[in-house]
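Beneath this line is the structure, given in structure tokens, with notes to follow.
Positions are given from 1 along the sequence. Keep in mind that this is a model prediction, so the values were computed, not measured.
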Amino acid sequence: MSEAAVPRDPVTASDVESAVRLAVTALREAESADWDAKAGSLEWSCWETVEHLADDLFAYAAQLGPRVPPSDTDVPFVWSRRTPGGPANVVFADRAAGPAGLLQVLEASGALLTAMVRTTPPTVRSHHVFGASDPEGFAAMGVVETLVHVHDVAGGLGVGWTPDAGLCGRVLSRLFPHAPTDTDRWPTLLWATGRGGLPGHARLTKWRWYGAPAADLT
């Protein structure tokens, strides 16, 4: 059976909605923590990392927004950095609103991507640096960004975070076709994004996903 024909469960708008809802629920447990602490192994703070995540979700939604989506570039918003070495974003949260406001920004960006994935025809393609993708691909990217960046932030804030194995499995199948299939799904997703080891597999120092639908590669 060819790779393109291997049956798999699709990544859906509901998966984006669920991932963001679970993320916000987990991070609300740490509203009194130090959000300027480093987010796990990243150089960014927990606050900056959640802003970056919200910005990712917004950007993926925006790529699907134009009547004729761009085929070779991002929609030309202006990205800027608030701090040296910090993430370049379009979306920033008002610090005066505190962590509760930051999580509301995350929820809003997640809702935008959920809506765009739910309403955009599956035949649509739009640019991404890792391959022009369809709505399902952008949904999967949004889920991966949510799961792994909340992992980063949870480490900095001292809260637990173990997402659903089925959700991890669906995004691995969609974006990481060469990842091991006989290992636990959450540790495998962390391995595939350079965040952890996996027995029997060398730890990755460089990684990427593959956004193009398999049907477009045949």
Nearest heavy-atom contact between V105 and A93 is CG2-CB, 3.9 Å
Heavy-atom side-chain proximity of C168 to L147 below 4.5 angstrom:
yes
Does the side chain of R118 come within less than 4.5 Å of S14's, by heavy atoms? yes
Are H128 and W209 close enough that their ring centres sit under 6.0 Å apart?
yes
For P69 and V124, the nearest pair of non-hydrogen atoms, with its separation, is CG-CG1, 3.7 Å
The complete set of ring-ring contact (aromatic ring centres under 6.0 Å, His included) pairs with one or both residues in residues 72-99, sequence neighbours excluded, reads F58-F77
Worksheet item: Do T193 and F176 come close enough that some side-chain heavy atom pair is under 4.5 Å?
Response: yes
message: For T12 and R170, which I'm curious about, is there any donor-acceptor pair between the side chains at under 3.5 Å?
response: no
Report task. Answer whether the closest heavy-atom distance between the side chains of V90 and V78 falls below 4.5 Å. Result -> no
In short, P135 meets P121 closest at the heavy-atom pair CG-O, 3.4 Å
Next on the checklist: Is it the case that the side chain of D94 and the backbone of A96 share a donor-acceptor pair, with hydrogens and angles ignored and the cut-off at 3.5 Å?
Outcome noted: yes
message: Surrounding CD of E107 (heavy atoms of other residues, nucleotides or ligands, distance under 6.0 Å), is the total greater than 12?
response: yes
Carboxylate-amine/guanidinium proximity below 4.0 Å for D15 and R174: no
Please determine if E51 and R82 form a salt bridge, counting it only when a charged side-chain N lies under 4.0 Å from a carboxylate O. no
Would a distance-only check, ignoring hydrogens and angles, find a side-chain to backbone donor-acceptor pair under 3.5 Å from Q63 to H127?
yes
dist K38:NZ -> D152:CG (nearest 0.5 Å) comes out at 12.5 Å
What about W186 and W191, same hydrophobic cluster or not, with Ile/Leu/Val/Met/Phe/Trp/Tyr joined at side-chain heavy-atom distances under 4.5 Å?
-> yes
Separation between CG (L190) and NE2 (H151), nearest 0.5 Å, reads 5.0 Å
Is the shortest side-chain heavy-atom distance between P87 and W44 below 4.5 Å? yes
Applying the 4.5 Å side-chain criterion to the ILVMFWY set and letting contacts propagate, would Y210 and V148 be lumped into a single cluster?
no
Just so I know, are the side chains of D9 and S173 near enough to count as touching, which here means a heavy-atom distance under 4.5 Å?
no
| said: Are there over 12 heavy-atom neighbours, none belonging to E43, within less than 6.0 Å of that residue's CD? | reply: no
The reported gap from CG in L42 to CD in E48 (rounded to nearest 0.5 angstrom) is 10.0 Å
dist D134:CG -> T120:OG1 (nearest 0.5 Å) comes out at 10.5 Å
Between P213 and S133, the two heavy atoms sitting closest are CD-CA, 4.3 Å
Quiz prompt | Residues L103, E31; criterion side chain to side chain contact (heavy atoms under 4.5 Å, CB included); working and verdict | solution = CA-CA 9 Å; L103 295 180; E31 285 190 14; 4.2 Å; yes
Checklist line | Side chains of P163 and L22 in contact at under 4.5 Å (non-hydrogen atoms) | finding: no
Linked, directly or transitively: V91 and L53 (ILVMFWY side chains, under 4.5 Å)
no
When every non-hydrogen atom of P70 is compared with those of V75, the smallest separation belongs to CG-CG2, 4.0 Å
Review point. Are F130 and L57 linked, directly or through other ILVMFWY residues, by side chains that come within less than 4.5 angstrom of each other?
Key: yes
Give a yes or no on whether the backbone of A54 and the side-chain of S109 come within a donor-acceptor separation of less than 3.5 Å. yes
Looking at W35 and A30, would you say the former's side chain and the latter's main chain have a donor-acceptor pair under 3.5 Å?
yes
Looking only at heavy atoms, the pair that brings G110 and V16 closest together is O-CG1, 4.0 Å
Separation between OG1 (T49) and NE2 (H52), nearest 0.5 Å, reads 7.5 Å
When V143, V11, L172 are each screened for side-chain contact (heavy atoms from CB on, under 4.5 Å) with L167, the one that passes is V143
Q: State whether D164 and R185 are salt-bridged, where the test is any N-O pair (Lys NZ or Arg NE/NH1/NH2 against Asp/Glu carboxylate O) under 4.0 Å.
A: no
Side chains of D182 and P180, heavy atoms from C-beta outward: is any pair under 4.5 Å? yes
To the nearest 0.5 Å, atom OG1 of T114 lies from atom CZ of R21 at 9.5 Å
Checking R95 against W47: charged group under 6.0 Å from the ring centre and within 45 degrees of the axis?
yes
Exercise for review: May I ask you to decide if the ring planes of F138 and Y60 are parallel, tilted or perpendicular, using 30° and 60° as cut-offs?
Suggested key: tilted
Examine L204 and L189 and state if one hydrophobic cluster contains both, with Ile, Leu, Val, Met, Phe, Trp and Tyr joined whenever side-chain heavy atoms are less than 4.5 Å apart.
-> yes
> Between R125 and E136, does at least one N-O distance fall below 4.0 Å, as a salt bridge requires?
Replying inline: no
